[in-house]
Amino acid sequence: MKKLKLPLQNTVIGTVETKFGWVSFAVTSKGLRDCRFMFPSPDCATDEILKTIAGKPLSEDKNVISTWSLMFKEYFGGSLKSFDKVPLDSESWTDFQKRVYMTVQSIPYGKTASYGTIASYLGNGNASRAVGNALKNNPVPPVIPCHRVIAADKDMCGFSATGGIELKLKILELEKDNL
DNA sequence: AAAACTGCGGCAG
DNA sequence: CTGCCGCAGTTTT
């Protein structure tokens, strides 16, 4: 059975103000494709997200925009505690990334796991570094909660989004407070 | 095809 | 504590 490829994949973008700055996101017919946050203004947010969808046709879907906007607002406000079963556009991910992201998504709200733990869960305990590499490219934080993955002995390590480790800590704090 | 990267981890000094 | 390899996957030459 052959599956047909959809001829066009219009992208919807949206921005919303949250407790973690302005958030911008891009959604295709498959689901959420990109998401960034901590922007100081809606213009900044829009500019950045436009870069991620260069060349793709835009469309408007108020329903999609408001649904996602609300989710981000609630998550960063502390009332939404799970992005489970939310559609993600995984088209551009490698197999390894899919496996990593899937596993990371199963870390419960407010909990953490180490890169090594994720790696051994995937079947190769030596792949911790590769896990970090994959998480660095997380296209949809905080939906894939890469902030819940920390180093084995030290408490913290990098976080590539604007705000770095401090931001990572702030998000974990948010989750802890609303546990 | 090879080398150079990483949000790691573990084991030396 | 710091430094140094080995590791696996991705990106860049």
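What you see is a predicted model, and the numbers here were worked out from it, not measured in a lab. Each chain gets a letter, A, B and so on, in the order its sequence line appears, and its residues count up from 1.
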Margin query: Taking only side-chain N and O atoms of A:Ser114, does any of them lie within less than 4.0 angstrom of OP1 or OP2 on B:dG9?
Written below: yes
Distance, rounded to the nearest Å, where [X] contributes [atom1] and [N] contributes [atom2]:
| X | N | atom1 | atom2 | answer |
| --- | --- | --- | --- | --- |
| A:Phe96 | C:dC7 | CZ | C1' | 11 Å |
| A:Asp153 | C:dG3 | CG | P | 16 Å |
| A:Asn124 | B:dC8 | CG | C1' | 12 Å |
| A:Asn133 | C:dG6 | CG | C1' | 16 Å |
| A:Asn138 | B:dT6 | CG | C1' | 15 Å |
| A:Lys98 | C:dT10 | NZ | P | 11 Å |
| A:Arg99 | C:dG9 | CZ | P | 8 Å |
| A:Ile118 | B:dG9 | CD1 | P | 10 Å |

Next item on the list: When you get a sec, tell me which of B:dG9, C:dA8, C:dT10 is the closest nucleotide to the side chain of A:Thr94?
Entry: C:dT10
Notebook entry, point to check: Heavy atoms under 4.0 Å, any strand shown: does A:Val131 hit a base, just sugar-phosphate, or nothing?
Noted result: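 A:Val131: no heavy atom of the nucleic acid under 4.0 Å.
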Margin query: Tell me if the OH atom of A:Tyr121 is crowded by more than 12 foreign heavy atoms within 6.0 Å.
Written below: no
Notebook entry, point to check: Below 4.0 angstrom, N of the basic side chain to O of the carboxylate: do A:Lys62 and A:Glu60 qualify?
Noted result: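 A salt bridge is present here (some side-chain N lies under 4.0 Å from a carboxylate O).
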Next item on the list: Please determine if A:Glu173 and A:Lys170 form a salt bridge, counting it only when a charged side-chain N lies under 4.0 Å from a carboxylate O.
Entry: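 Salt bridge between A:Glu173 and A:Lys170, a charged N being under 4.0 Å from a carboxylate O: no.
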Note to self: Check this for me: does the side-chain of A:Arg129 come within 3.5 Å of the base of C:dG6 through a donor and an acceptor?
What the structure shows: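 Under the 3.5 Å cut-off, the side chain and the base do form a donor-acceptor pair.
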Notebook entry, point to check: What's the spacing between A:Phe72 CZ and A:Trp22 CH2 if we round to 0.5 Å?
Noted result: 14.0 Å
Note to self: Can you tell me the base-pairing partner of C:dC7? Count Watson-Crick or G-U wobble geometry only, both distances below 3.5 Å, and say none if there is no partner.
What the structure shows: none
